[in-house]
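When reading the values below, keep in mind they use all heavy atoms of this one structure, side chains included, and skip hydrogens, waters and symmetry mates.
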Amino acid sequence: MDLRLSPTTLPSTVRPSLVPKNMASQVAGSEPGGFSGALKSALGEVSAAQKDANRLQREVQLDNPKVSLEETMVAIQKAQIGFQATLHVRNRMVQAYTDIMNMQV
């Protein structure tokens, strides 16, 4: 899981000025998946990072000479950072939902 974001890796929904004109309708929300697809993809990546970290941790505990402790610790940290970021996104979404529901009409 690569956590670095460069201007070229940002999704086009974040930087709509760089989207070609013929794709503008897809960015506006007509594309299937959209936000929910991106969220599912991100959750899948976090889950995969956690599974990979667990696998490496198990291999280190079994004294597999092909798996280094450093590689395992980096994988565990990546999984932890991804999980914390997911929790922050979830908390923000719940807070936004609560704020919208408490608005006076």
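Side-chain contact between D52 and R55 is present, with at least one heavy-atom pair separated by less than 4.5 Å. When side chains are defined from C-beta on, N54 counts as touching Q57, because their heavy atoms get closer than 4.5 Å.
Under a 4.5 Å side-chain heavy-atom cut-off, the cluster of Ile, Leu, Val, Met, Phe, Trp and Tyr residues that includes M101 is completed by Y97.
Follow the hydrophobic side-chain contacts under 4.5 Å out from V89 and you never reach L87; the two are in separate clusters. One hydrophobic cluster holds both L69 and L56 under the rule that ILVMFWY side chains link at heavy-atom gaps under 4.5 Å.
To the nearest 0.5 Å, atoms CD (Q80) and CE (M73) are separated by 9.0 Å. Distance check, rounded to the nearest 0.5 Å: CD1 of I81 to OG1 of T86 gives 11.5 Å. Rounding to the nearest 0.5 Å gives a distance of 10.5 Å between CZ of F83 and NE2 of H88.
Listed by first and then second residue, the side-chain hydrogen bond (donor to acceptor under 3.5 Å, both in side chains) pairs involving residues 60-74 are E59-N64 (not counting sequence neighbours).
Here the side chain of S47 pairs no donor or acceptor atom with the backbone of L43 at under 3.5 angstrom. Distance alone, capped at 3.5 Å, places no donor-acceptor pair between the S41 side chain and the G37 backbone.
With no hydrogens or angles considered, a side-chain donor-acceptor pair links D99 and Q95 at under 3.5 Å.
Taking both residues in full, the closest heavy atoms of A53 and A75 are given as CB-O, 3.7 Å, listed atom of the first, atom of the second, then distance.
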